[in-house]
J.: 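A single structure is presented below for examination.
Given the structure is predicted, the values throughout are model-derived calculations rather than measurements.
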Amino acid sequence: MIKLNIRLLKLVSLCYLILPVFVFFLTWVKVWIGLPVVLLLFYVSFRYSQSLTEEKAFEINRFYFFGVLLLALLWLSYSGVGGFGIKIHDHYKIYCLAKDISENAWPVSYQFEGKNYFLSSYLGYFISAPVLVGWISYKAIHIFLFLYGFLALIIGLLWLMVLTGVRAFWAVVIFIFVGGFDVAGYIFRNGLSFLEGMPQFYWWNSLNSNDYLLYHGNSNLLFWAAPHALPAWVASGVFFYDLLKKKEISWSPVYLFPLVFWTPFILVGLLPFFALKAIMGNFRRLLKIDNFLLLIPTFLLVWFVTSVGVAELDQGNIFRNVASKGQFLQVVFNYSWFVLFEVLIWFVIVYLLLKNSMFLREHRIWFGLSLLVLMALPLYKLGKYNDWVQRVSMPSLFLLWIWLIRGIKESKSYLKYIAILLIAVSSADSLTYWITGLKESKGILGFNPLKIEEVKSMPQAAKENDWPIEQYLAPADASFFKYVAKQSE
């Protein structure tokens, strides 16, 4: 048996999340601002480590542990992370950002169409590799991204096993393949004809294509949105451990604030759980000097990521363009369809699996809150491809899969077999990407990143691919770059 040290897992989780923040303040910010912030973060991180008490180790069979490592390696090697496996449209953003950060002075500046800009985006996933190993080679950047991604994947899967209490290999298999029932939307809109082979079951439950409603399955997340999914699984794992197991979140700001730099939408997705727990009795414990000190780097990171404009982004509630009763009813139907096949079916199954369980009785508030969050998110749209729905949902979906796996473990009724059948049906989208990844990979560890001469600068790539450039570039006169960032020579 392998004994998993929970205290060590928490510290590794923090190190993974906070490393890019250290890199940012040491390399992109004026020394007189960045160095004191780094020292402050070292102090708070040390205080956090001192606050962690030894807990009972989580024991895992060696065979299962190394099986999980191998499965995670296989999964990641087909995903496109670090130049391994499949190449998907969104991966080109990663190549562009990695190249721009490694080849230019920091902060990265551009001249584009007669205007001056600075790179200002969620750089948690992108900044560490170019800064730390970019001096070695272009390929070293992508190998680092792969290894860093592998670390995050292992952390997330270990938290999954700890939170479900399932030490078996099958729990990880479910997590990899489970998702929403996009196949229902596909059949509703296209019938049963699969004349062109296995289709991509993606966004099909968004009956109005312009709404881009989607709750990603986990393979879909890893293949399409690794910069958001990996930190989401790490942060959700440690936060939900504190929330569900320890029932104490007073130190959670230490590992949550870096999400501002990684992907603020994930932080928004965790906020309802944080706020409700604070209201229920943790508020006074949150009022510690360490958390107040964290307001300084949090403010600076928020200042940085909000240097870009969002005024031009498509945003508003789902009824914003309704002009008639017929349109209103259509929007209601579209919303109802989406939440039925992406949310309600799974929550009904989980409830039936766990209705007699102490696990559900103990955590019924969080069960209900995760349902409420996933029901509410589709009522609002933000971004061309509705990043609001796709990213804010990640923590609640992580919690949903915990409920599901725990329910299959505890249930002794025939319902567990219905749940397994539904998991198989929901895996259609994941299987699509696995099959494509297998075809495009050169073996299990087929390293084949895009050639550097084929990678364009972020502004050029954004223009050619119709990406919303305002999400990546801040005007040169943005206040953060005037007063806080290092000045370009």
J.: Closest heavy-atom contact between N317 and Y380?
T.: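 Closest approach of N317 to Y380: N-CD1, 3.8 Å.
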J.: Could you tell me which non-hydrogen atom of A235 sits nearest to which non-hydrogen atom of L259, and how far apart they are?
T.: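 A235 and L259 have their closest heavy atoms at CB-CD1, 3.8 Å.
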J.: Evaluate the side-chain proximity of H91 to W224: yes if any heavy-atom separation is below 4.5 Å, no if none is.
T.: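 The answer is no, as the side chains (C-beta and beyond) never meet within the 4.5 Å cut-off.
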J.: Please report the closest heavy-atom contact between V305 and S121, naming both atoms and the distance.
T.: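 Residues V305 and S121, closest heavy atoms: CG1-O, 3.9 Å.
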J.: With a 4.5 Å limit on heavy-atom distance, are the side chains of L450 and Y92 in contact?
T.: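 Contact flag for L450/Y92 side chains = yes.
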J.: For atom OH of Y64, decide whether the heavy atoms of other residues, nucleotides or ligands shown that lie under 6.0 angstrom number more than 12.
T.: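 Atom OH in Y64 is not crowded, with 12 or fewer foreign heavy atoms closer than 6.0 Å.
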J.: What pairs with K99 under salt bridge (Lys or Arg N to Asp or Glu O under 4.0 Å), at least two apart in sequence or on another chain?
T.: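 Per chain and number, K99 pairs via salt bridge (Lys or Arg N to Asp or Glu O under 4.0 Å) with no residue.
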J.: With sequence neighbours excluded, what pairs up with S413 under the side-chain hydrogen bond (donor to acceptor under 3.5 Å, both in side chains) test?
T.: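 S411.
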J.: Roughly how far apart are L222 CG and H228 NE2, rounded to 0.5 Å?
T.: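 One gets 12.5 Å once the value is rounded to the nearest 0.5 Å.
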J.: OH of Y351: more than 12 outside heavy atoms within 6.0 angstrom?
T.: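 At most 12 heavy atoms, drawn from other residues, nucleotides or ligands, come within 6.0 Å of this atom.
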J.: Who passes side-chain hydrogen bond (donor to acceptor under 3.5 Å, both in side chains) against Y215, sequence neighbours left out?
T.: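 Partners of Y215 by the side-chain hydrogen bond (donor to acceptor under 3.5 Å, both in side chains) criterion come out as none, since no residue qualifies.
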J.: Heavy-atom distance under 4.5 Å between the side chains of T263 and P227, does that happen here?
T.: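 No; the side chains remain at least 4.5 Å from each other.
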J.: What residue pairs, at least two apart or across chains, pass side-chain hydrogen bond (donor to acceptor under 3.5 Å, both in side chains) with a residue in residues 337-348?
T.: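 Only N205-W337, N205-E342 qualify under side-chain hydrogen bond (donor to acceptor under 3.5 Å, both in side chains).
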J.: Spell out, as yes or no, whether a donor-acceptor pair under 3.5 Å connects the side chain of S79 to the backbone of F223.
T.: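 Checked: no pair found.
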J.: Are W262 and Y122 close enough that their ring centers fall under 6.0 Å?
T.: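 When the ring centroids of W262 and Y122 are compared, they turn out to be at least 6.0 Å apart.
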J.: Ignoring hydrogens and geometry, is there a side-chain-to-backbone donor-acceptor pair from K381 to N386 under 3.5 Å?
T.: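 Side chain of K381 to backbone of N386, a donor-acceptor pair under 3.5 Å: no, none is there.
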J.: Can you list everything that forms a salt bridge (Lys or Arg N to Asp or Glu O under 4.0 Å) with D387? Sequence neighbours excluded, please.
T.: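 Expected list: R391.
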J.: Check the pair K93 / N465 against side chain to side chain contact (heavy atoms under 4.5 Å, CB included), numbers first and verdict last.
T.: CA-CA 10 Å; K93 298 175 188 177; N465 292 281; over 6 Å; no
J.: Within the structure provided, determine whether V166 and V172 are in side-chain contact (heavy-atom separation under 4.5 Å).
T.: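 Contact flag for V166/V172 side chains = no.
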J.: Taking the six-membered ring for Trp, are H142 and F84 closer than 6.0 Å centroid to centroid?
T.: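 Between F84 and H142, which both carry aromatic rings, the centre distance is not below 6.0 Å.
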J.: With sequence neighbours left out, what residues match E464 under salt bridge (Lys or Arg N to Asp or Glu O under 4.0 Å)?
T.: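 E464 satisfies salt bridge (Lys or Arg N to Asp or Glu O under 4.0 Å) with K456 only.
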J.: List the atom pairs, donor and acceptor, that lie under 3.5 Å between side-chain atoms in residues 393-404 and the rest of the protein, sequence neighbours left out.
T.:
{"residue": "S393", "atom": "OG", "partner": "V389", "partner atom": "O", "Å": "2.9"}
{"residue": "S393", "atom": "OG", "partner": "Q390", "partner atom": "O", "Å": "3.2"}
{"residue": "W401", "atom": "NE1", "partner": "L397", "partner atom": "O", "Å": "3.3"}
{"residue": "W403", "atom": "NE1", "partner": "S370", "partner atom": "OG", "Å": "3.4"}

J.: So do the side chains of F341 and S426 get within less than 4.5 Å of each other, counting heavy atoms only?
T.: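 Heavy-atom side-chain distance check fails, nothing below 4.5 Å.
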J.: L353 vs L360, test: side chain to side chain contact (heavy atoms under 4.5 Å, CB included). Steps then yes/no.
T.: CA-CA 10 Å; L353 289 170; L360 182 59; over 6 Å; no
J.: Specify the closest pair of heavy atoms between M161 and I60, including all atoms of both residues, with the distance to one decimal.
T.: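 The pair with the smallest heavy-atom distance is CE-CG2, 4.2 Å.
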J.: Once side-chain hydrogen bond (donor to acceptor under 3.5 Å, both in side chains) is applied, what residue pairs with a partner in residues 7-21 remain, sequence neighbours excluded?
T.: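 side-chain hydrogen bond (donor to acceptor under 3.5 Å, both in side chains) check on residues 7-21 returns K10-D242, S13-W159.
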J.: Within the structure provided, determine whether L473 and V308 are in side-chain contact (heavy-atom separation under 4.5 Å).
T.: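 Side chain of L473 against side chain of V308, heavy atoms only: no contact under 4.5 Å found.
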J.: Ring-plane angle category for F24 and F304, please: parallel below 30°, perpendicular beyond 60°, tilted otherwise.
T.: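 Taking F304 first and then F24, their aromatic rings sit tilted (interplane angle of 30° to 60°).
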J.: Between F146 and F447, is the gap from one ring center to the other below 6.0 Å?
T.: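 No, too far apart.
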J.: Determine the minimum heavy-atom distance between A461 and C96, stating which atoms define it.
T.: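 Heavy-atom minimum between the residues: CB-SG, 3.5 Å.
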J.: Testing the basics here: between S250 and P253, what is the closest heavy-atom pair and its distance to 0.1 Å?
T.: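 That would be O-CD, 3.7 Å.
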J.: Please list, chain by chain and in numerical order, all residues satisfying salt bridge (Lys or Arg N to Asp or Glu O under 4.0 Å) with K246, sequence neighbours excluded.
T.: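 Here the qualifying residues are E55.
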J.: Applying side chain to side chain contact (heavy atoms under 4.5 Å, CB included) to L147 and I143, what does each step give before you reach the verdict?
T.: CA-CA 6 Å; L147 295 175; I143 292 173; 4.1 Å; yes
J.: Give every residue pair that meets the salt bridge (Lys or Arg N to Asp or Glu O under 4.0 Å) criterion with at least one member in residues 352-379, sequence neighbours excluded.
T.: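 Found K247-E362.
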J.: Under the 3.5 angstrom rule, does the side chain of S357 hit a backbone N or O of F359 as a donor-acceptor pair?
T.: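 Confirmed, S357 side chain pairs with F359 backbone.
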J.: What residue pairs, at least two apart or across chains, pass side-chain hydrogen bond (donor to acceptor under 3.5 Å, both in side chains) with a residue in residues 166-179?
T.: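 Those involving residues 166-179 do not exist here.
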J.: Apply side chain to side chain contact (heavy atoms under 4.5 Å, CB included) to residues F257 and I18 and explain how you reach the verdict.
T.: CA-CA 9 Å; F257 94 90; I18 207 169; 4.1 Å; yes
J.: Could you check if a side-chain atom of F169 sits within less than 4.5 angstrom of a side-chain atom of L71, using non-hydrogen atoms only?
T.: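 Result yes, sub-4.5 Å side-chain heavy-atom pair found.
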J.: What I'd like to find out is whether the side chain of Y95 reaches to under 4.5 Å of the side chain of K87, using heavy atoms alone.
T.: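 They are in side-chain contact.
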J.: Any sub-3.5 Å donor-acceptor pair from S324's side-chain atoms to Q327's backbone N or O?
T.: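 Checked: pair present.
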J.: Sequence neighbours left out, what passes side-chain hydrogen bond (donor to acceptor under 3.5 Å, both in side chains) with Q330? Give chain and number order.
T.: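 Partners of Q330 by the side-chain hydrogen bond (donor to acceptor under 3.5 Å, both in side chains) criterion, ordered by chain and then number, come out as N334.
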